[in-house]
Structure formats: structure tokens, C-alpha cells
Amino acid sequence: MSYFFLSLAALLFTLSLLSGSTSLPTSTTTIGATYSAGTAATYAMPPTPEKVAHAVAALGLRSLRLDASNPTLVRAFLYSNTTLLLTIPNQLVPPLAANRSNALRWLYVHVVPFYPRTKISTISVGNDPLEFSPDFSTFLLPAIRNLHLSLRDLGIRKISVSTTFSFISIITTPFPPSSAQFLEPALDTVVRPLLQFLRDTNSSFLVNLYPYNLYKIRSEIPIGFPLFQEHPFGFRDDLTTGVRYRNLFDMMVDAVISAMAVAGYENIPLIVTETGWPSFSTDPTEIDANPIYAELYLKGLLCHLRSGKGTPLRKEGVSETYIYELLDKQMKKGRNWGILYPNLTAKYKYIQFSGSYCRGFFDMLIMAVGQFLVFAFLRVGLSSGPSILRFRNTQAPVSTRGDSAVVFFSRGLCCESTIPALFKSQWCFDVDSWTLNRKITRSLAV
């Protein structure tokens, strides 16, 4: 009987999320994507800048991040509504630090011919430069200051300057977020002086943040947690702050916010410059790199950002988030992260990168019923003596992480059982999430 009440509680809890999931968005988070020069290099003939600009406009993305600034791409966004975040390659950091004239020279090529007709909001000096070379710690702040002063010399005051860090290479521990700190020696040599500069210039802290990568190295994280799959037991509590986390993205963001607070700079705006989930990997052990999970992550992320809820430690949330990345590689090598195929067609036909759509009532009802039935199956399995109860997803490999059964139901779950007292073959619940005609079917063969 206790299992019945447990499953009923799960159903009621999920139904209680309905009102919040269908509310109008109040978020001010800007959603964009990253155009990777490394990915473009895998193309025999990369798409023209004009085609890239058209693809970004067709997706309805408000911003585009160039991880290596390219003047021809910047030119393609003249008079558009797309805002650009430019990145200076790591190898240029020492020359920029050595002489302000080098910073001016770079600006005369990448910014001055186009701004303000092309909207440019931020320039990142390097992309994870400390990982690229630890010796850059002595060059990074001088390069950032030289670029900032050069912009002022040119009378440009609305473009901010910062640098980009990788979450895993700069944060000590992601959980609990309240215990997170910046790694030494980068904290004293680079991060704290940078935070002071960002405060003085009203600029943002930039971080590449991948729940997928953290999930891969932390075996205790269940698959539903990074995929925004809310259910009664999908949470982690920070006992120090009393905060409850229901997704890995918020936990990682708050870890950065906590680390900034420990350093004495808790109100610096935060921009997530890269985040995403791979839809393909040439590594056969990466079964979680598949289009089903990638779509779940992106849908969950977009819905969460549009909800206006922010994170537990920062109600306004992050100011900008850039999905990694715009295009798939043309050659299948490593992982593919793109939201567009190499021919520039959309990979995820039912993800809206603009607008306000999140999970509707029927989506949440399906999830709620699915959780109720999963708990019911578990109840039968536990009360019927020795048996085997396993879950099989019909569209993606099965993860062995703890709450996978509940997560998989949101896509399509088959429960195969060898409990002859209840049924002799298979119950399947197929949720067709690729169209708006959602359906649940039950099959029971004797």
C-alpha cells in the first residue's frame, strides 16, 4: 500500500508543476549560438557568411558568438538584429598584452569598419586561455586592459571586454555550490584582478559550462538531472544554503556565482558562452551522445531560461546563453554538437529557439502519468517475489543511471517483465514527441 501512495504522490507532484510550465516567460536571458571556426575548418567548402547570417535569422537567434572573430562574418551581419560576441584567438593574447597598438590594429580590422552598423556587445580576449597555456596568466589582464583602453581611444564605450573560462578548469568543486571556489593559483594571479576589472567596467564573467562533461566524469549523477527532467526524486540539496537543485545547469551556474562571492565579487553579471549536448560521437562508449538526449537537453534548457526563474542564488539568472554549436562537423570525427546539419537544415524540427513555447499541459500530463505507472511497475516488481524488471527505451541506448526509467518515459518507454502473475509479455508506452500528435499506446500480448 505504501508504494501506491508513493506513486500517487509522484503523480500529484508532477501535476503541480503544470501551472508553472505553461506560464508566460519573464526571462531577460538572451539566447544565442556559437559559430566555431574549428568546425568550419572540417568543411571542404564552408558555408558563406551570408548563408550563416540567414540561418541564424531563420532560427530566430538573437545573438551569435564567434569563437574566432572573422571580419567577413562580422560584415555579413551589417544592419541585422543579431548581436555578436567576438573572440580573439588565444595566440594573439601575448601580442595584445605587449603593445596597445596591436590592440588598436585588431580593432581596425574586426570592429571599426562595421560597428555600430553591426551590433557587437562583447569581446572575449581568448577562449579558455589558461587551459591553452598556463603561462598566459601574466599576459591576460594586460591584454584585456589594452583592448579596453583602445576601445575608449576610439570613442567606443558600449562594447565590453572580458575573457572566457572553462567551468571544469577553473572551479574546484561543483557540488555543493556553496563550497565552490576558483582554483589556485589562477584565483590570485588572474581571476580576482579580472573580477575587479569587470566590476569597474560593468562587464560580465564568461564561462563555458557543459552539464554533459560533468555528467561524464561524475558517475553518481543520474541522467535526468542534466536533462532537466523534473520528477519527485530528481533533486540535490545544498545543506549549507538550504537550496534544492532540480537540474545540473543551475547547480553549475550557482557554483560560479558562489566562487565569485567567496572572492568578494558576488554581483558580477554572468554569461554562459558555451553549453550543449552532443547528438553524435565516434566513441562507441559515449552512448549518451545521441539526438534524443540532445533534444531533451536543449528543450529543457530553453524552457528553463524562458521561465524567468533564474537560479536559486541569482533570481535574474544568466544574462546571455550561447548554445554550442550552430553547425555540425562535415567530417564525422569526435562529437557533433550542432543544431544545424552541414547543409544548414534544422536538426531539431520541434525546438523553437525563438518565441515562448515550453512544455504544455499535455507534455506534463504524459510525464505525470508515466511516473505514476513506473512507480506502479516497481511496486508490482517488489511485491511479487523474485523477478526481473527492466526498462528499454525504443529510440536511444539505455543508461544505467539511477532514475533513467522516469526520464526515458518522456520519450518512449517499454517495460519488459518476467512476472507471469501480472502479465506475460510487454507493456509499451510510446510517446511520439517528434510531432504534436502525442499518443500513449498499451500493448499486452498473452
Side-chain angles (χ1 to χ4, degrees), residues 34 67 87-91 93-94 97 122 124-145 161-201 203-221 225-226 236 238-241 243 245 248-276 311-314 318-319 321-322 324:
T34 289
D67 71 355
T87 306
I88 297 176
N90 290 326
Q91 58 267 26
V93 172
T122 306
S124 173
V125 179
N127 183 19
D128 199 12
L130 298 185
E131 185 71 16
F132 179 79
S133 174
D135 295 336
F136 276 22
S137 59
T138 59
F139 301 115
L140 191 55
L141 264 296
I144 291 172
R145 291 194 180 99
V161 182
S162 187
T163 189
T164 303
F165 295 102
S166 168
F167 179 91
I168 290 178
S169 64
I170 200 68
I171 298 295
T172 56
T173 178
F175 194 82
S178 59
S179 65
Q181 297 184 42
F182 291 112
L183 288 168
E184 295 284 3
L187 172 61
D188 291 324
T189 59
V190 176
V191 177
R192 189 173 278 118
L194 172 67
L195 291 172
Q196 182 62 51
F197 170 85
L198 298 179
R199 174 186 284 176
D200 294 341
T201 59
S203 301
S204 300
F205 189 86
L206 314 182
V207 62
N208 298 334
L209 188 150
Y210 289 95
Y212 176 80
N213 290 341
L214 190 58
Y215 164 78
K216 291 295 293 181
I217 64 177
R218 297 288 292 268
S219 60
E220 74 275 15
I221 300 175
F225 199 54
R236 298 293 182 273
D238 187 331
L239 299 180
T240 302
T241 59
V243 167
Y245 290 93
L248 191 53
F249 180 84
D250 278 358
M251 192 183 78
M252 296 173 74
V253 168
D254 277 2
V256 177
I257 292 169
S258 293
M260 289 194 293
V262 170
Y265 301 88
E266 59 183 337
N267 295 318
I268 303 295
L270 184 64
I271 293 176
V272 176
T273 40
E274 292 182 14
T275 190
T311 71
L313 296 187
R314 182 165 289 185
V318 296
S319 57
T321 298
Y322 292 85
Y324 189 85

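Please read all numbers here as calculations on a predicted model, not as lab measurements.
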Going by the angle between their ring planes, with limits at 30° and 60°, are Phe205 and Phe165 parallel, tilted or perpendicular?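 Parallel: the ring planes of Phe205 and Phe165 meet at under 30°.
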Where does the angle between the aromatic ring planes of Phe139 and Phe136 fall among parallel (under 30°), tilted (30 to 60°) and perpendicular (over 60°)?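 Rings of Phe139 and Phe136: perpendicular, over 60°.
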Between [atom1] on residue [X] and [atom2] on residue [Y], distance to nearest 0.5 Å:
X	Y	atom1	atom2	result
Leu313	Met260	CG	CE	10.5 Å
Arg199	Asn267	CZ	CG	7.5 Å
Phe249	Asp254	CZ	CG	10.0 Å
Leu198	Ser203	CG	OG	5.5 Å
Glu220	Phe175	CD	CZ	10.0 Å
Thr273	Ile271	OG1	CD1	8.0 Å

State, to 0.1 Å, how close [X] and [Y] come at their nearest heavy-atom pair, and which atoms those are.
X	Y	result
Pro211	Leu248	O-CD2, 3.5 Å
Asp250	Pro312	OD2-CD, 4.0 Å
Pro177	Ala255	CB-N, 3.8 Å
Thr173	Ser179	CG2-OG, 3.5 Å
Ser124	Leu206	CB-CD1, 3.8 Å
Asp135	Thr138	O-OG1, 3.2 Å

For a 4.5 angstrom cut-off between non-hydrogen side-chain atoms, does [X] reach [Y]?
X	Y	answer
Ser162	Phe197	no
Val190	Leu141	yes
Tyr215	Tyr210	no
Asp128	Ser169	yes
Phe225	Met251	yes
Pro226	Leu214	no
Thr275	Thr321	yes
Ile268	Ser204	no

What I want to check is whether the side chains of [X] and [Y] have a donor and an acceptor closer together than 3.5 Å.
X	Y	answer
Asn127	Asn208	yes
Glu274	Tyr322	no
Ser258	Ser178	no

Are the side chain of Ser319 and the backbone N or O of Leu270 linked by a donor-acceptor pair below 3.5 Å?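 Yes; at least one donor-acceptor contact below 3.5 Å.
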Tyr265/Arg192 under side chain to side chain contact (heavy atoms under 4.5 Å, CB included): CA gap, chis, key distance, verdict: CA-CA 8 Å; Tyr265 301 88; Arg192 189 173 278 118; 3.9 Å; yes
Candidate pair Val161 and Thr201, rule side chain to side chain contact (heavy atoms under 4.5 Å, CB included), full reasoning: CA-CA 8 Å; Val161 182; Thr201 59; over 6 Å; no
Check the pair Arg314, Val253 against side chain to side chain contact (heavy atoms under 4.5 Å, CB included), reporting the backbone distance first and the verdict last. CA-CA 9 Å; Arg314 182 165 289 185; Val253 168; over 6 Å; no
Side chain to side chain contact (heavy atoms under 4.5 Å, CB included) partner of Val93, the single match among Val125, Ile144, Ile88: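 Among the candidates, only Val125 passes.
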Full working for side chain to side chain contact (heavy atoms under 4.5 Å, CB included) between Leu194 and Leu140: CA-CA 9 Å; Leu194 172 67; Leu140 191 55; 5.8 Å; no
